[in-house]
Structures are given as C-alpha cells and as structure tokens.
Amino acid sequence: MANQAGLDTSMLEGVKDKIRRGLLPQWAFTDSEIFKAEVKNIFAKTWNFLGHESEIENPGDYVTRWIVHDPVLLLRDQNGQIQAYLNSCAHRGTKLCTADFGNKKTFTCPYHGWTFNLSGDLIGIIAGNKVYGEEMDRSQWSLRKIPKVESYQGMIFGSLDEHAEPLETFLGDMKWYFDIMLGRSDAGMEVRGVPQKWIINTNWKISADNFGGDPYHTAMSHRSTVELGISPKDPMYASYGHQIVLDNGHGINMVTALGGAKVPPYQGLPEDMWPMFARNLSAEQLKVFENTMIIVGNCFPNLSFVSPMHGTGGPDEPLTSFVNFRVWRPVSPTKIEVTSWFMVDKEAPEAFKEASYLSYIGSFGPSGTLEQDDAEIWTRVAEASQGEMAQDKDIHYNNVLNYLMGLDRVEPDESWPGPGVAYPTCYLDAISRAFYEHWVDQLLATTDIPANVL
Amino acid sequence: MKLMTYDDICQFLYTEASLLDTRRYEEWLELLDDSLSYRMPVRVTRDFDEPDDIVNDMTFFDETKRSLTTRVQRFRTTSAWSENPHSRTRHFVSNIVVEPGTSEDEAKVHSYFLIMRSIRDRADVEQMFGERIDIIRRVDNRLQLVERTIYPDQTVLSMLNLSIFI
Ligand code: FES
Ligand SMILES: [Fe+2]
C-alpha cells in the first residue's frame with residue numbers, strides 16, 4: 001500500500017519498528033523518494049521558522065526567506081502586523097522581491113508591472129482598465145498568503161497547511177525551554193545584522209540530528225579544541241546534565257558540569273541582568289538556567305539552536321555565551337542551505353553583546369572552529385550513504401545505523417523540574433530515536449482534512 | 001606610500017598567497033601586525049536604490065592576530081577534521097590598486113581574490129571570490145598587514161566551511 005506521497009507504507013512501518021529498536025536504515029538519509037515525501041508530508045504541513053520579529057521592526061520592513069522550495073516574502077504591514085506571502089507575482093508567477101531585506105511600501109513586478117501593497121492587495125496594473133476592463137475583480141489577484149503565520153517569543157513561523165495546529169500547540173513543551181533562551185529578558189532578543197548563509201552537501205536530517213541529539217560527537221569531532229586546551233580533557237564533558245525528549249519530535253540538551261559542580265550562573269550573562277531573569281522565568285526555569293552551561297537542541301523538523309559558552313583565544317580567555325538559531329533548508333537529498341541567526345538579549349550591555357558576537361563568530365558559522373569540522377563530517381556521512389549497500393532496502397547488507405545508546409539502559413530522572421522526559425545524561429540517543437520516530441510517523445500520516453471543508 | 005613601491009606591495013601579496021597555499025601559517029602570522037583587524041562582512045542582495053550591499057554588523061571573520069593564531073594552532077592539532085586531510089587551495093590575487101594611506105609609511109591596497117579549493121577526492125571545485133581592502137604598513141624595513149576587509153561576492157557561500165584564510 002502506498003501513502004499519498006507514493007511511499008510503501010509497510011516499508012515505512014518496518015522502518016518505524018527498527019527505529020524503536022535503535023536502528024535507522026542508512027538509505028533514509030539520501031533516498032530521493034524519501035526526500036520528496038519529506039517535502040510533501042513534513043515541510044508542507046509543519047511550522048517552518050521564517051525569521052525574528054526584530055528583523056522587521058517597522059512598517060514596510062521586509063525580509064525574503066524560503067520554506068524549502070517556496071520563496072517567502074515576510075514583512076510588517078502598515079498596521080504593524082506581520083504578514084507572509086508567497087514571493088511570486090499573482091499574474092505570471094515571477095519572483096516578486098529579489099532583495100534579502102529592505103523597507104518598502106509597495107512591490108512592483110518587473111515582468112508586466114503589477115504592483116502590490118504591504119497588505120498584498122493588487123493596487124496597480126499597467127493600462128489596467130484598458131486591457132482588463134472594470135470587470136476583472138482585482139481583489140481576486142492579491143499576493144497569495146502563506147496560510148498560517150504565528151510567533152512565539154519573537155520567533156516567526158509559517159505553515160503551508162491552513163489546518164496546521166496552533167504554533168504553541170506544535171511547540172508544546174519546547175516553549176518552556178524557548179522561554180529560557182528567548183524570553184528571559186524584558187525586551188526579548190534581537191538579531192544582529194543579517195543571518196549568515198552557506199551551502200553544505202549533506203542531508204538536513206544529519207545536521208538536525210547532530211544538533212538535536214548528539215552531544216556524544218563533541219569529544220571526537222571537536223577534539224582539536226581539547227588538544228588546544230579550550231575544551232575540557234574529560235571525554236564525558238558534554239554528557240553531564242540532561243537530555244530531554246519533548247513531544248512532536250523536538251529535543252533539547254541542558255549540559256552542565258560533572259557532579260553538579262558550580263558553573264558560571266546563567267551562562268556568565270552579566271549580573272545586572274539576573275533580576276530580569278527572575279522576573280520573566282518561573283522558579284523552576286530559573287534554577288535550570290542557573291546551572292546550565294550549554295543548551296543545544298532541535299525544534300522539529302529543521303530548526304536547530306545552540307547556546308554554549310566559548311572563548312576566541314587560548315585557555316585563559318573568558319568564555320562568553322551566545323544564542324544561535326539556524327534552519328537547515330533541504331535543497332536536495334544531499335544539499336542544505338544553512339541560514340544562521342546570531343541573537344542576543346536586547347537589554348544586554350553593549351560590551352557583552354560584542355563579546356557574545358565574537359564568541360559566535362569564533363566557534364560557529366562556516367568559519368567557526370567547532371562548526372568547520374561538523375560540516376566536513378556531515379558531508380562524509382552523506383557521501384558514504386549513496387551507494388548500493390547503503391541504499392539497499394532489503395537489508396542484505398545489515399545497512400542499519402546505530403542509535404542504541406541508552407536504549408532500555410537509562411531511566412528518566414523523575415526529579416527534573418522542567419517538562420518533557422528528561423534523562424540524566426546527554427550521551428544518549430533518546431532524542432534521535434524520538435526525532436526519527438516522529439519523522440516516520442509524519443511520512444506515514446495521510447492528511448485528515450476536516451469533513452466540513454470537503 | 002612613499003616608502004614602498006607598487007612592486008613591493010605586489011611581492012608582499014603574492015608571498016602571502018603562497019604561504020597560505022603551502023600552509024606555512026606560522027610564517028604568514030609574521031606578516032600580520034599585532035594590531036591587526038581581519039574582517040569578512042556579509043554580502044547581501046539589496047534593492048536597486050540601496051547601493052550598499054555589505055552588512056558590516058555580521059561577518060564570517062572578525063579576527064585579531066590573537067584569534068588567528070588560535071585558528072592556526074588548531075590546524076596543527078591532530079584532529080581539525082576540516083583540514084585533516086588538508087584541502088588544497090590556490091589563492092589568485094589580481095587587480096591590485098594602491099592608494100596612499102593615512103601616513104607616508106602606509107598604503108591602502110585593493111585586490112581581487114579568487115580561491116579555488118579542492119577537498120580530498122571530490123571532483124567538484126569549491127570556490128570563493130571577491131575583493132579585499134588592506135592597509136599595509138612599512139615597519140622597520142618590512143611590510144605588515146594592519147587591516148584586511150574581505151568582501152565576498154556571494155550572498156550564500158557555496159563553501160561548506162571556511163577552514164582557510166583569505
Ligand atoms: S508576472 Fe508579475 S506582472 Fe506579470
Ligand atoms: Fe559539533
């Protein structure tokens with residue numbers, strides 16, 4: 001039996017069964033049918049991150065973004081409302097706005113000159129009445145809206161599915177952790193400059209899985225920083241703390257120090273800001289935040305984030321935290337476009353903002369001393385996953401990958417003060433297993449459009 | 001500017017390119033002034049009536065000599081996987097135009113760069129191109145790089161990482 005994306009559902013059921021046993025078929029990374037199904041069944045249905053409210057503060061401010069292959073024009077309209085349109089002219093489909101960002105009152109298409117305002121209304125047609133007469137109803141030819149657009153803590157998401165659940169339902173318990181990263185300050189966060197963008201020849205799941213559920217890779221992938229004396233020698237250093245499995249395929253790691261050893265409170269954020277954190281966070285959130293060194297995770301499907309503490313010089317340099325969100329935009333089964341936003345508390349002192357930015361540039365982004373090696377290794381995974389042995393669906397070659405860490409071995413920590421299922425170590429494949437189980441469930445799902453709209 | 005010739009400057013930039021391509025990074029660091037500022041802002045596509053398509057607030061590099069030294073030391077470890085095995089680069093430097101600097105012993109130097117990069121056994125070529133604006137100063141009879149601003153031409157970098165210097 002095939003589901004609407006044309007995939008064999010019994011095969012997918014088999015994949016689900018394997019994932020539950022800690023095994024993922026290697027072909028899942030780069031199979032082209034899977035990729036098509038992901039675009040239709042996951043990305044066209046889910047909430048996709050588009051940008052941060054601070055990027056479009058004033059009426060007329062706009063940015064252009066993507067939901068996989070759909071170009072999106074995201075803007076603030078005359079009334080201060082956030083709007084998102086398909087960035088494609090309603091006349092013959094030309095890409096309407098080609099700039100990355102800017103401020104405008106109207107958008108004029110270069111093909112035949114149709115002009116749209118910030119509300120998406122068609123307000124100008126060259127020789128309009130002469131060629132179309134009065135009878136063409138212009139209101140039928142507005143810019144096409146992205147069906148759903150909602151924000152949480154300044155983070156703007158869009159969904160191509162008009163029946164998508166509310167954003168807050170989708171985020172679920174991730175909201176509690178987003179509050180810690182994004183809602184701790186009175187005025188929230190701001191994006192510095194523009195996001196960095198670059199291309200990596202890998203699959204989007206490889207990078208999402210890495211950020212979401214794989215603190216285990218740090219000891220080896222980032223060993224150079226251990227050799228340099230920037231990271232601790234203890235190969236377990238990224239394991240301390242909790243790995244938290246959240247609903248809807250989301251997951252987060254709250255990394256602390258060995259045996260609850262003292263860490264700089266609130267990731268070393270300036271002490272002047274602490275009263276503000278106490279105002280905006282619950283007692284439980286505050287306690288968790290105080291003891292956390294590194295926050296890293298993934299919001300299903302492809303919005304990853306990291307908030308570590310990092311220095312740019314040698315071992316004697318002070319460590320500074322930052323907040324970084326990134327979208328792994330699937331371009332093809334083996335290509336992603338990364339869009340990566342550096343964010344900082346609006347109310348942080350300027351000196352901290354600068355140090356935080358330098359900490360990000362030094363460690364993450366394409367030149368980052370940590371991320372350089374991630375990108376290289378992710379391309380090696382994709383490179384080695386495309387042959388007959390890796391792509392074989394009949395398991396002639398035992399081509400399943402190992403997601404066994406902690407399976408039936410590590411029990412949840414019932415004393416964890418936050419939501420989700422929290423395990424008392426971050427060296428664990430629990431988030432990855434949940435991510436892939438949710439992923440396969442989405443591929444298996446057939447649309448259930450409410451009867452009243454049919 | 002009076003204290004250095006166009007030839008001196010070309011020689012300096014070509015020598016630098018050769019040190020980078022042969023990964024003689026410690027010798028390269030010796031060409032950098034202690035007060036070095038080394039930045040690579042983000043290029044963006046702007047509307048036609050907004051001629052400035054560089055965003056200085058966000059960068060791909062915002063370095064001092066100290067942070068570049070850390071990056072070099074990292075490449076000397078056994079586990080900097082982006083450069084282990086190392087990628088092979090050619091820095092093509094051209095279109096060198098020299099303007100006077102703020103003092104006699106300084107020059108402002110514009111140059112184009114094209115970097116071709118080959119990674120392991122991959123047949124595809126990674127490349128990056130753009131313009132650099134440098135401040136070069138004569139200090140005790142030798143030239144030093146005091147400031148470099150790198151303007152890439154791509155708004156979406158097609159390179160997977162920048163485990164190289166530009
Ligand atoms: S396609 Fe835009 S005006 Fe014709
Ligand atoms: Fe990593």
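Numbered from 1 within each chain, the chains take letters A, B, ... in sequence-line order.
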>> Whether the side chain of B:Asp57 engages the backbone of A:Arg192 through a donor-acceptor N/O pair (distance < 3.5 Å, no angle test) should be reported.
In response: no
> How long is the gap from CZ on B:Arg120 to CD on A:Glu383, to the nearest 0.5 Å?
Replying inline: 4.5 Å
>> Within a 6.0 Å radius of atom OH on B:Tyr14, are there more than 12 heavy atoms belonging to other residues, nucleotides or ligands?
In response: yes
> Pick from B:Asp62, B:Ile164, B:Ile119: which one has the most heavy-atom pairs with chain A under 4.5 Å?
Replying inline: B:Asp62
> Got a sec: does the CD of B:Gln11 have more than 12 other heavy atoms crowding it under 6.0 Å?
Replying inline: no
> By a 4.5 Å heavy-atom criterion (distance strictly below it), what part of B:Asn84 contacts chain A: side chain, backbone, both, or neither?
Replying inline: backbone
> How many angstroms lie between atom CZ of B:Phe60 and atom NZ of A:Lys197, to the nearest 0.5 angstrom?
Replying inline: 9.5 Å
>> If you compare all heavy atoms of A:Ala99 against all heavy atoms of B:Asp47, which two are closest, and at what distance to 0.1 Å?
In response: CB-N, 3.6 Å
> Among B:Asp124, B:Asn161, B:Asp53, which has the most heavy-atom pairs under 4.5 Å with chain A?
Replying inline: B:Asn161
> Checking A:Glu371 against chain B: side chain, backbone, both or neither under 4.5 Å from a heavy atom?
Replying inline: neither
> Among B:Val42, B:Val44, B:Asn56, who wins on heavy-atom pairs under 4.5 Å with chain A?
Replying inline: B:Val44
>> What's the separation between atom CD1 in A:Ile377 and atom CG in B:Leu160, rounded to the nearest 0.5 Å?
In response: 11.0 Å
>> Does B:Thr70 form a side chain to side chain contact (heavy atoms under 4.5 Å, CB included) with A:Thr369? I'd like the steps, not just the answer.
In response: CA-CA 9 Å; B:Thr70 303; A:Thr369 50; 5.7 Å; no
>> If I measure from the heavy atoms of chain B, does A:Thr98 come under 4.5 Å with its side chain, its backbone, both, or neither?
In response: backbone
>> Need one label for B:Asp121: side chain, backbone, both or neither, based on atoms under 4.5 Å from any heavy atom in chain A.
In response: side chain
> Taking A:Cys97, A:Gly365, A:Pro195, A:Ser221 one by one, which has the highest count of heavy-atom pairs under 4.5 Å against chain B?
Replying inline: A:Ser221
>> For A:Glu227 versus B:Ser79, what's the shortest heavy-atom pair and its separation?
In response: OE2-OG, 2.6 Å
>> Does A:Tyr216, at its OH atom, have more than 12 non-hydrogen atoms belonging to other residues, nucleotides or ligands within less than 6.0 Å?
In response: no
> Which pair of non-hydrogen atoms, one from B:Met58 and one from A:Ile361, has the smallest distance, and what is that distance?
Replying inline: SD-CD1, 3.9 Å
> Which heavy atom of A:Gly102 sits nearest a heavy atom of B:Arg46, and at what distance?
Replying inline: CA-NH2, 3.9 Å
> At a heavy-atom separation under 4.5 Å, does B:Thr69 approach chain A through its side chain, its backbone, both, or neither?
Replying inline: neither
> Would you call B:Glu50-A:Lys104 a salt bridge at under 4.0 Å N-O?
Replying inline: no
> Do you know which of A:Gly362, A:Ser367, A:Gly193, A:Gly368 has the most heavy-atom pairs with chain B at a distance under 4.5 angstrom?
Replying inline: A:Ser367
> So which part of B:Thr155 gets closer than 4.5 Å to some heavy atom of chain A, the side chain, the backbone, both or neither?
Replying inline: both
> Is chain A contacted by the side chain of B:Val156, its backbone, both, or neither, given a heavy-atom distance below 4.5 Å?
Replying inline: both
> Non-hydrogen atoms of chain A under 4.5 Å away: do they reach the side chain of B:Glu63, the backbone, both or neither?
Replying inline: side chain
> What pair of heavy atoms forms the shortest contact from B:Thr59 to A:Gln196, and how long is it?
Replying inline: O-NE2, 2.8 Å
> For B:Leu68, is it the side chain, the backbone, both or neither that has a heavy atom under 4.5 Å from a heavy atom of chain A?
Replying inline: neither
> Roughly how far, to the nearest 0.5 Å, is the CE atom of B:Met159 from the CD1 atom of A:Ile199?
Replying inline: 13.0 Å
> Quick one: OG1 on A:Thr379 to CZ on B:Arg122, what's the gap to the nearest 0.5 Å?
Replying inline: 5.0 Å
> Measuring from B:Glu83:CD to A:Glu376:CD, what's the distance to the nearest 0.5 Å?
Replying inline: 8.5 Å
>> For B:Phe75, which atoms come within 4.5 Å of any heavy atom of chain A: side chain, backbone, both, or neither?
In response: side chain
>> Would you say that A:Phe101 contacts B:Val55 through its side chain, given a criterion of any heavy-atom pair below 4.5 Å between the two side chains?
In response: yes
>> Does any backbone or side-chain atom of A:Asn201 lie under 4.5 Å from a heavy atom of chain B? Answer side chain, backbone, both or neither.
In response: side chain
